[in-house]
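Note that these values count all heavy atoms, side chains included, but never hydrogens, waters or copies made by symmetry. We name chains A, B, ... by the order of the sequence lines, and we start the count at 1 in each one.
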Amino acid sequence: MLELENVEVTYPGPPPFTAVKGINLSVPTGSTVGLVGESGSGKSSIARAAIGLTPVTKGRITLDGQDVTNPKGKSLRYLRGRAQLVFQDPHASLNPRMEIAMAVQEAVSVATGKRLNSRECADAALDLLDKVGVPKAAMRRYPHQLSGGQLQRVSIARALALEPSLMILDEVTASLDVSVQARILNLLRQLQRELDVSMLYISHDLSVIRYLADHVYVMRHGEMVEAGTADQVFDAPQQEYTQALLSAVPTLGGSRWRSRHDLVAG
Amino acid sequence: MNADPVSNDILLDVRNLSISVENRDEIPPLVRNVSFHLNRGEIVGIVGESGSGKTLTSLAVSRLLPQGLSMSADRIDFDGHDLVGGSDRELRTVLGTNLAMVFQDPMQSLNPARKIGAQMIETVREHRGLSKKEARALAIRSLEDVHITEPAKRLKQYPHELSGGMRQRTMIAMGLMGEPSLILADEPTTALDVTVQAQVMQLLCDLNDRKGSAVLLISHNISLLSEVCDRIIVMFRGEIVEDLTTAKLLAGPDHPYTQGLIRAVPDLNTDRGVDLVTIEDGQFDVEREMNHA
Amino acid sequence: MKWRRFLVSRFVRLAFVLVAITTLTFLMMHLAPGDPARLVAGMDADEQAVQIARERLGLDQPMYQQFLDYVGGLFRGDLGTSFATNQPVTEEIAQKIGPTAQLAVLGMALILLVGLPMGIIGAVLTRNGHRWFEIAFSGSTGAMASIPQYLIATFLAFLFAVTWQLLPVAGSGSIEAAILPAVAIAVRPAASIARLVRVRTLEVLESPYVRTARSKRLPTRKLYLAHVFPNSITTMLAMGGVTFASLIGGAVIVEQVFARLGLGTTLVHSVLVGDYPVVQGIVLLLGFAVVLVNALVDVILGIVDPRTMEAGR
Amino acid sequence: MSSKRHGTTRQMSKAFLSSPTGIISGLILLGLTVLVIMGPNGFGDQATVSDMARSSEGPSADHRWGTDALGRDIFTRTLAATRLSILYASAAVFFAMIVGGLVGGLIAAGGPRVRKVGGAVIDTMMGFGDILLAVVVVAIVGVGAKGAVLAIGVAFTPHFARFTYSLVDSVMVRDYMSAARVVGVSKSGIGRRYVGRNVADSLVIVTFTTVAEGIMAMSSLSFLGLGIQSPQFDWGQMLTDGVKNFYLNPYAALVPATLILITGLAVNLFGDALARAVNPVLWSERPSLFRSKLRRNRAKALAMTPEITIDPAMETELRKGRP
């Protein structure tokens with residue numbers, strides 16, 4: 001459904017910096033696509049460009065066949081109604097002066113066109129928060145009073161309020177503890193099963209991508225290094241960089257440096 | 001695997017370490033009755049989530065606890081020196097040379113206003129009385145040890161001119177200047193990319209191998225620790241819940257929290273068909289409902 | 001390369017600001033109510049005399065012509081003629097600049113010599129848990145930073161010159177006469193700097209890189225000199241421009257208290273009698289001084305801490 | 001809906017009342033308000049009519065703090081001066097807030113070039129220093145109350161412009177702004193609920209606390225003879241007169257000085273309490289009498305909201321964007 005064709009993102013200088021250099025990427029309907037890369041690889045720029053936050057300097061982005069490159073007016077409304085982005089830092093992506101229920105309520109109001117303070121919006125917001133597992137007691141609280149995991153749930157609920165068919169998730173678990181990450185990942189999988197949304201999951205963590213994604217894209221320095229189904233990329237990586245990346249991922253009981261211990265033992 | 005500690009070869013011995021907030025009795029201690037030891041040449045990991053007390057423990061061992069926190073311990077012995085009773089003056093040289101610290105964020109941990117060289121040589125100038133020339137030569141050798149190219153040029157650069165991985169290796173090189181018997185590394189690779197992380201880990205293991213420095217490696221990543229450590233200490237909310245060899249960890253830990261910690265994190269071989277195990281039963285509800293209830 | 005871009009950008013900004021100040025001072029006379037020509041000719045002069053004065057002042061010319069004349073005059077070092085004394089403004093200024101410059105230099109020296117060490121010592125003592133000290137420090141510097149300078153000046157004059165008769169109460173000749181005024185203008189900025197440096201130094205003391213330095217177990221003296229001090233001094237330098245400006249403002253007031261015949265006294269007097277060319281000249285001069293000091297501070301900062309060059313606007 | 005409003009209001013008032021300083025300063029301000037309403041007329045002749053026979057007397061039964069050079073009761077006159085002192089200072093600060101806030105907001109909302117030039121202009125104006133700016137304005141407008149108010153207003157304007165600019169700027173780059181845009185919150189919604197809520201209360205509180213600075217600045221102008229002229233009088237003028245006769249009757253200077261000090265303290269403490277009340281991030285902070293400590297406690301909260309203090313002498317510092 002989401003198609004990026006030869007997309008380039010250049011930030012104005014001085015000196016100008018090209019973060020994304022002619023990328024092709026597609027997210028098929030109903031699938032989870034993983035976009036993996038190290039810091040500075042341009043993966044977040046792709047997320048922002050796809051949602052219309054960062055201008056694209058070259059190329060074309062379409063959503064369900066409709067052009068949403070540098071969206072304005074109608075195409076912007078079209079895009080926002082169908083695609084949503086969840087940010088990395090949950091503490092930073094919620095207004096500190098707004099109760100969390102209100103943050104979701106606002107999104108419901110945008111989606112339904114109902115008045116912000118109407119009973120319908122309020123109820124719908126509470127339902128959404130309930131659905132992503134935010135406890136009742138937390139709904140009237142302010143962002144700084146909640147933990148990172150809770151806040152990330154709120155962000156997800158807010159994105160869901162617009163009933164998107166595509167969710168872009170930019171490093172959504174990077175700032176969370178591992179046990180919290182597990183819950184968010186489970187939640188995302190559950191949502192995908194229930195709501196049938198497509199996902200573009202962006203992360204530096206190959207293990208998470210491996211766990212979630214059907215298709216994988218590997219980026220480096222703004223260029224696409226490798227793309228394919230998850231099995232292809234992880235089991236039979238073609239590019240040297242992908243291989244290096246994979247071999248660098250720590251695994252439980254991985255034996256890269258074990259030789260030393262064997263020597264000691266021997 | 002040989003995890004049999006030679007009894008008289010204990011490098012660091014910590015008994016009943018507790019850390020609490022000064023003058024705030026209503027706040028429970030942040031670290032409670034932590035005891036562990038480290039043998040010479042051993043690599044030991046401490047794993048735990050945020051708030052588990054792993055970083056505070058390492059800071060207490062190095063006597064660098066921030067203001068406002070106080071510690072108590074029955075004993076902390078490092079290399080034959082008493083770190084609880086001893087005065088700062090006595091311990092200066094020991095801690096300044098025998099113990100090397102590597103912190104999480106290499107950008108923030110190097111003084112941005114001073115050149116690399118000046119920061120590297122001050123330890124040995126101070127504690128071993130080397131001349132500037134000798135110290136510089138040592139610094140260059142040390143940078144070579146951590147595989148930094150053009151070491152002489154680096155000495156004249158500022159931290160912001162180096163890449164993240166290079167800064168962290170510089171931090172390690174700085175620690176090596178004193179020929180430490182223990183390298184205390186607190187999340188040394190959290191701010192770095194995986195490929196750089198691999199290099200830094202390789203380097204730490206390599207130094208442990210070549211120079212025999214013991215390493216106390218603190219991380220939230222149990223997979224990472226399982227790759228390099230002889231032994232792993234699991235901390236949860238200020239307490240040690242399990243202290244086990246890596247072999248035991250891989251064979252299957254006893255403690256439910258450790259089990260949960262392993263299964264909560266996906267790795268490249270995790271079954272995609274099933275949900276991840278979460279740690280939420282009773283006392284192991286890590287994600288606290290609210291920070292300020 | 002980095003340096004060139006930095007210097008060029010600072011130079012462009014400097015030029016821009018100087019042009020702005022020049023235009024502003026020029027407009028000042030024209031914005032003011034009343035007719036300067038009548039002022040010069042005298043309140044009871046007849047229409048013809050006023051007209052003559054107007055022509056002599058060039059006020060009958062179109063605005064742009066007057067502006068060109070004004071700028072042209074600046075390049076020739078001609079700031080016009082005082083309405084009050086009929087002397088060239090440059091000469092008026094030349095006579096009065098000595099006491100003010102003396103005050104500014106002495107004051108600046110005092111600020112640097114007192115404010116910086118006070119701030120650093122304040123931070124160290126605070127961090128070492130002297131709570132009473134923190135209270136005393138915050139209280140006293142806070143009060144000092146918010147007392148108007150004329151009060152400080154009067155108080156000092158009262159104490160040292162009237163009660164104890166240690167120092168001369170007025171005059172603009174000797175160094176002794178400059179001591180009290182210099183102290184009076186330095187107190188407020190010094191207190192501000194001390195507060196700022198203390199807060200900044202506390203931040204530095206909590207920073208990861210100072211933790212690293214502590215882990216090296218350097219003697220305290222070296223720790224502070226090598227790791228803390230350079231960062232405190234950067235903070236202070238960053239405030240240098242603002243401090244200088246408040247120093248000039250202070251001089252205007254303090255000169256009044258000690259009856260020093262400096263630019264400040266002259267400026268206030270000229271405003272009161274409507275001697276616009278002199279006001280214009282003095283504002284222009286002080287403005288230029290402030291802007292130049294600001295530019296200089298930026299360059300020094302660039303040398304001391306290369307990062308500021310890259311971060312700079 | 002109503003229960004929610006109630007909850008927030010209750011938490012706010014709880015946060016405000018949790019600090020004794022907030023209550024005390026509130027009471028002081030209430031008293032000052034009464035004095036402002038009463039004005040000089042509320043005190044009869046004692047404050048305004050001179051009695052040369054009793055010039056510059058020390059404290060006595062008739063005049064508890066003595067009389068000034070013209071034989072007027074110092075204490076009564078000081079109370080009577082409250083109205084003009086506070087009104088003029090407030091007017092000047094209000095002017096600065098409106099103009100500076102507008103300019104700062106517009107610059108922050110502008111393109112990169114506007115921001116660059118605008119920022120440079122503000123910095124330069126601040127570089128001049130308040131007094132020089134004020135004197136220039138007086139030179140243009142003329143001596144007197146109107147001139148003084150305008151002069152202080154103009155002198156403070158760049159501070160407000162810079163403050164608003166930084167404030168809006170820091171809000172604009174936050175992730176929550178992008179997040180709101182992605183969700184599709186309308187422009188007016190972003191303006192009110194995002195920029196508005198995060199900027200307005202800081203601005204209001206700073207405006208409030210700056211009134212104390214305004215009183216000081218007005219008194220400095222009075223001292224130079226460029227401020228309020230007789231027969232009008234304010235604390236600054238009384239202070240100036242009192243200082244000249246300090247050795248005859250020190251109370252002539254001390255009484256107005258004390259009231260200035262009390263006002264300044266009350267305004268600042270009230271501002272702090274207000275800041276704690278309106279900002280949910282600070283609700284759980286424990287109040288402290290001493291700013292610097294509060295500031296350090298606030299370090300975390302400040303990551304979200306820029307610091308709320310404006311002290312025209314030292315202000316710029318952290319706001320200049322220099323490392």
B:Arg63 versus C:Arg217: any side-chain heavy-atom pair under 4.5 Å? yes
Taking the side chain as every heavy atom from C-beta outward, state whether C:Pro208 and B:Met107 have any pair of such atoms under 4.5 Å apart.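 The answer is no, as the side chains (C-beta and beyond) never meet within the 4.5 Å cut-off.
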CD of B:Gln119 to OH of C:Tyr209: how many Å apart, nearest 0.5 Å?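 Going from the CD atom of B:Gln119 to the OH atom of C:Tyr209 covers 10.0 Å.
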What's the spacing between B:Arg125 CZ and C:Leu218 CG if we round to 0.5 Å?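 Between atom CZ of B:Arg125 and atom CG of C:Leu218 there are 11.5 Å.
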Thinking salt bridges, do C:Lys216 and B:Glu122 make one under a 4.0 Å N-O criterion? yes
When you look at OH of B:Tyr158, are more than 12 heavy atoms from neighbouring residues, nucleotides or ligands closer to it than 6.0 Å? yes
So which part of [X] gets closer than 4.5 Å to some heavy atom of chain C, the side chain, the backbone, both or neither?
X        : result
B:Leu110 : backbone
B:Met177 : neither
B:Arg114 : side chain
B:Leu184 : neither

Indicate yes or no for a side-chain donor-acceptor contact from C:Thr212 to the backbone of B:Ser109 under 3.5 Å, with no hydrogens or angles considered. yes
Which bit of C:Ser207 comes within less than 4.5 Å of chain B, counting heavy atoms only: side chain, backbone, both or neither? neither
Residue pair C:Ser215 / B:Leu64: nearest heavy atoms and the distance that separates them: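 Taking C:Ser215 first and B:Leu64 second, the nearest heavy atoms are CB-CD1, 3.6 Å.
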